[in-house]
Amino acid sequence: MTDTSHPDDARLIAYLDGALSVEERDKLAARLASDQPLLARLERIERGGRLIAPAFAALGADAPRARLEARLAAAIASDETRLVLERPRARSWSLPKWQPRLVAAALALFVLGGVVGMSLSGRVDRDAAVTEAAAEGWRQAVAEYWSLTTADTLALTPTPERAAAELQAASAKLGVDLSSVPDAFPGLSFRGAQLFDFHGRPLVQIAYLDPQHGPIAYCVIADPDQRERAPTTEELDGFTVVHWASGGQARLLIGRAPAERLQALAQKVTG
């Protein structure tokens, strides 16, 4: 589950950089006009991802300030930086042909600007941002993996012996008793538990099949932040996600069911 890449990423990046031939660009533009998931992937790459801000801020906060401020002054004086600052970005189906050098200059300004901001807000705010970035990262990884799961994937119900063995292995790895999980959600059919690794942290994905809304997963991962967080609902890659944290574990429910359905299921294991 740690690999969240996409087979078209290299082509999408080349598209944004204006590095494709006219024929290749026209073909990809035609795909984007009819392929909403691919368009969403392109827009995520274009934005740079929501995780970039805290990651760059963390880097800048620990770097020598004098050296970074000198780089900032040099960047402001450069023609490339002026072009980035003065030219408004156009939003259209045909995206601007960014030059890699301009993207690098913009990112340099972003990093250096983060240094000044973080020096004012302090290390506590920086650590909170990095923690939230890590939390969002595991949810994103789950969503991208779960997008490959269909009702056919979960067609078979594990035998009681196999289900017990899977839950015992997952419980031992997490240090949390998951033996009652198969019966935790009325109306859902338990379809097994799988143990993954997310950046060195054990991640358990427990699969269910909802007769009306299809695959639903209940996921649990060790939470280094160790804070209690109330259930929060979000939309992620076309999925409804309800996530919370308790007892040193971060947890989520994910599926294509309505928010009200997943919120009601979350209450079964958060009360």
**Request:** To the nearest 0.5 angstrom, please state how far the CG atom of Leu20 sits from the CG atom of Asp26.
**Result:** 10.0 Å

**Prompt:** Is there a side-chain contact between Leu265 and Ile216, using heavy atoms and a 4.5 Å cut-off?
**Reply:** yes

**Fill in**
Rounded to the nearest 0.5 angstrom, the CD-CG distance for Glu234 and Leu252 is 8.5 Å

**Item:** Taking every non-hydrogen atom, the tightest pair across Tyr208 and Leu154
**Value:** O-CD1, 3.4 Å

**Item:** Shortest non-hydrogen contact from Ala222 toward Pro224
**Value:** O-CD, 3.4 Å

**Asked** How long is the span from the CD atom in Gln168 to the CG atom in Asp177, to the nearest 0.5 Å?
**Response** 10.0 Å

**Prompt:** Between Ile13 and Ile45, is any pair of side-chain heavy atoms under 4.5 Å apart?
**Reply:** yes

**Request:** Would you check if the side chain of Thr240 reaches a backbone N or O of Pro258 as a donor-acceptor pair within less than 3.5 Å?
**Result:** no

**side-chain contact (heavy atoms from CB on, under 4.5 Å) between His243 and Arg229, worked out** = CA-CA 9 Å; His243 59 90; Arg229 289 189 290 274; 5.9 Å; no

**Asked** Using the benzene-type ring in the case of Trp, are the ring centres of Phe185 and Phe190 under 6.0 Å apart?
**Response** no

**Item:** Salt-bridge criterion met for Asp237 and Arg44 (N-O under 4.0 Å)
**Value:** yes

**Request:** Any chance you could lay out the side-chain contact (heavy atoms from CB on, under 4.5 Å) test for Trp244 and Thr232, step after step, and finish with the verdict?
**Result:** CA-CA 6 Å; Trp244 68 99; Thr232 300; over 6 Å; no

**Request:** Taking the six-membered ring of Phe239 (Phe, Tyr or Trp), confirm whether the NZ or CZ of Arg256 is under 6.0 Å from its centre and within 45° of its axis.
**Result:** yes

**Request:** For Thr157 and Arg191, test the side chains for any donor-to-acceptor distance below 3.5 angstrom and give the result as yes or no.
**Result:** yes

**Fill in**
Note: Leu195 and Ala169 closest approach over all heavy atoms is CD2-O, 4.5 Å

**Request:** Spell out, as yes or no, whether a donor-acceptor pair under 3.5 Å connects the side chain of Ser246 to the backbone of Glu228.
**Result:** no

**Request:** For Gln267 and Gln263, test the side chains for any donor-to-acceptor distance below 3.5 angstrom and give the result as yes or no.
**Result:** no

**Asked** When rounded to the nearest 0.5 angstrom, what is the spacing between CG in Leu253 and CZ in Arg261?
**Response** 10.0 Å

**Request:** Would you check if the side chain of Gln205 reaches a backbone N or O of Gln194 as a donor-acceptor pair within less than 3.5 Å?
**Result:** no

**Prompt:** So does Arg41 pair up with Asp8, basic N to acidic O under 4.0 Å?
**Reply:** no

**Request:** Using a cut-off of 6.0 Å, state whether more than 12 heavy atoms not belonging to Leu148 lie near its atom CG.
**Result:** yes

**Message:** Is the shortest side-chain heavy-atom distance between Leu167 and Pro182 below 4.5 Å?
**Reply:** yes

**Request:** Just do the side-chain contact (heavy atoms from CB on, under 4.5 Å) check on Lys27 and Arg31 with the steps written out, would you?
**Result:** CA-CA 6 Å; Lys27 287 182 179 179; Arg31 285 183 60 193; over 6 Å; no

**Fill in**
CD1 (Ile206) and CG (Leu188) are apart, to the nearest 0.5 Å, by 12.0 Å

**Prompt:** Any side-chain heavy-atom pair from Leu203 and Val220 closer than 4.5 angstrom?
**Reply:** no

**Item:** Gln140 and Leu236, any side-chain heavy atoms less than 4.5 Å apart
**Value:** yes

**Prompt:** Are any of the side-chain heavy atoms of Arg139 and Val142 separated by less than 4.5 Å?
**Reply:** no

**Asked** Are Arg11 and Glu24 close enough, and set up right, to give a side-chain contact (heavy atoms from CB on, under 4.5 Å), and what steps lead you there?
**Response** CA-CA 9 Å; Arg11 188 175 300 275; Glu24 290 176 323; 4.0 Å; yes

**Fill in**
Here the pair of heavy atoms bringing Leu209 nearest to Pro215 is CD1-N, 3.9 Å

**Message:** Using modelled atom types and a 3.5 Å cut-off, is there a donor and acceptor pairing between side-chain atoms of Arg251 and backbone atoms of Ile221?
**Reply:** no

**Prompt:** Do Thr150 and Asp152 get their side chains close enough for a donor-acceptor pair, meaning under 3.5 Å?
**Reply:** no

**Closest non-hydrogen atom pair, Ala143 against Ile254** = CA-CD1, 3.7 Å

**Request:** Mind checking the SG-CZ spacing from Cys219 to Phe196? Nearest 0.5 Å is all I need.
**Result:** 8.5 Å

**Request:** For residues Ala250 and Asp223, report the shortest heavy-atom separation together with the two atoms involved.
**Result:** N-CB, 3.6 Å

